[in-house]
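See below for the structure under consideration.
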Amino acid sequence: MANALKSYLDCVNKTLDAALCLRNFPSQNVERHNKPEVEIKGGNKELLLNPVIIARTENERVFIESSVNSVRVSIKIKQQDELESILCHKFTRFLMQRSEQFVIMRRKAVEGYDISFLITHAHLEKLWKHKLIDFIIQFLDEIDKEISAMKIAVNARARVVASEFMKQFSA
Amino acid sequence: ENEVNKLLLKKDKINALVTSLYNPPIGTKSIEIKDRNANIVEKVLVSVTDAEITGLIDSLDSESLDTLMKYIYRFMSKSSNCSLMLKLHAALVEKAGVGSIVRVLTDRKQV
């Protein structure tokens with residue numbers, strides 16, 4: 001199990017390494033504007049690379065779309081039951097509301113995915129590329145553990161609350 | 001296609017892979033041809049065991065390696081046999097380097 005996770009993370013690592021080759025590219029359509037080409041709807045095809053999906057299972061995948069000056073990385077987190085999907089939804093909402101603090105995070109996830117990162121050439125000029133990739137890999141690694149920990153905490157609290165509540169009827 | 005089946009029956013997996021990767025349908029716009037080719041390649045890949053992966057990859061030439069990489073990403077997007085695809089991906093990158101991924105990302109002619 002741990003081995004599969006490691007090869008999944010390695011694959012994401014290498015693919016991000018290949019995709020994160022960005023340079024400044026002012027907009028071709030509008031003068032003096034500089035937009036991330038991957039975000040433009042119906043954008044110029046010559047500026048976009050082939051999007052790629054790396055999947056560990058059907059429910060856990062990473063979607064990487066890259067272009068000449070930007071890359072969008074969308075993550076779908078494993079959610080095995082209703083409780084996990086609610087926890088995941090709330091957690092990602094919490095993160096996305098504070099996306100300015102994360103710099104590279106997108107305020108809205110791409111459809112079909114739980115969370116998205118938008119990395120532009122400007123970010124790569126300030127931040128180290130290998131550190132950025134390490135951050136995303138770490139994120140992928142820890143989010144599963146966080147959600148399981150939250151689920152255990154919720155179940156434990158619910159059990160305590162329920163037993164306290166029932167005590168008034170029993171004794 | 002028949003050749004690949006024959007080779008598989010003979011348990012000659014290396015040549016089966018080479019034949020299935022040879023002449024991929026990059027130019028055609030027809031989806032059916034691409035799907036059929038993908039099914040053939042997938043059949044071969046599924047029959048490969050872990051230990052054979054390195055030997056298999058070593059025997060392919062650079063063009064076939066790139067084609068194989070394209071197929072790996074295609075199968076991953078359909079989420080079929082993901083763990084096998086991940087292992088193949090790791091072995092391929094060791095042999096061909098990050099460049100093969102870059103070639104998949106940039107090549108207009110998708111398999």
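Numbers restart at 1 for each chain; the letters A, B, ... are given by sequence-line order, proteins then strands. Computed over heavy atoms, backbone and side chain alike; hydrogens, waters and symmetry mates excluded. Here the structure is a predicted model, which is why all the values come from computation and not from measurement.
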field: chain A neighbours within residues 91-100 of chain B, where any heavy atom lies under 4.5 Å away
entry: V93(B), V98(B)
message: If we count only N and O atoms by modelled type, under 3.5 Å, do the side chains of H121(A) and N24(A) hold a donor and an acceptor together?
response: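 Checked: H121(A)/N24(A) side chains pair up, N/O donor to acceptor below 3.5 Å.
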- request: Taking atom types as modelled, find out whether Q79(A) and N59(A) have a side-chain donor-acceptor pair closer than 3.5 angstrom.
  value: no
- prompt: Is any residue of residues 60-68 of chain A within less than 4.5 Å of chain B by heavy atoms, and which ones?
  reply: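 Counting heavy atoms that sit under 4.5 Å from chain B, the residues of residues 60-68 of chain A involved are R61(A), S66(A).
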field: Within residues 14-43 of chain A or reaching into it, pairs that qualify as ring-ring contact (aromatic ring centres under 6.0 Å, His included) - sequence neighbours excluded
entry: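 Matches after skipping sequence neighbours: none remain.
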message: Is the distance between the ring centroids of F139(A) and F117(A) under 6.0 Å?
response: yes
field: Part of T15(A) lying under 4.5 Å from any heavy atom of chain B
entry: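 For T15(A), heavy atoms of backbone and side chain both lie under 4.5 Å from chain B.
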Answer yes when [X] and [Y] have at least one side-chain N-carboxylate O distance shorter than 4.0 Å, and no when they do not.
X: K70(B); Y: D66(B); answer: no
X: K145(A); Y: E142(A); answer: no
X: E100(A); Y: R107(A); answer: yes

message: According to salt bridge (Lys or Arg N to Asp or Glu O under 4.0 Å), who are the partners of K129(A), at least two apart in sequence or on a separate chain?
response: D17(A)
- prompt: Would you say E31(A) has more than 12 foreign heavy atoms packed within less than 6.0 Å of its CD?
  reply: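 Atom CD in E31(A) is not crowded, with 12 or fewer foreign heavy atoms closer than 6.0 Å.
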- prompt: If you draw a 6.0 Å radius around CD in E82(A), do more than 12 non-hydrogen atoms from other residues or ligands fall strictly inside?
  reply: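 Open: at most 12 neighbouring heavy atoms sit under 6.0 Å from CD of E82(A).
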task: May I ask you to decide if the ring planes of F165(A) and F169(A) are parallel, tilted or perpendicular, using 30° and 60° as cut-offs?
output: perpendicular
- prompt: Most heavy-atom pairs under 4.5 angstrom with chain A, which of K87(B), H89(B), M85(B), K78(B)?
  reply: H89(B)
message: Let's test your reading of the structure: which of L105(B), I72(B), T106(B), L86(B) forms the most heavy-atom pairs below 4.5 Å with chain A?
response: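 Of the options given, most contacts go to L105(B).
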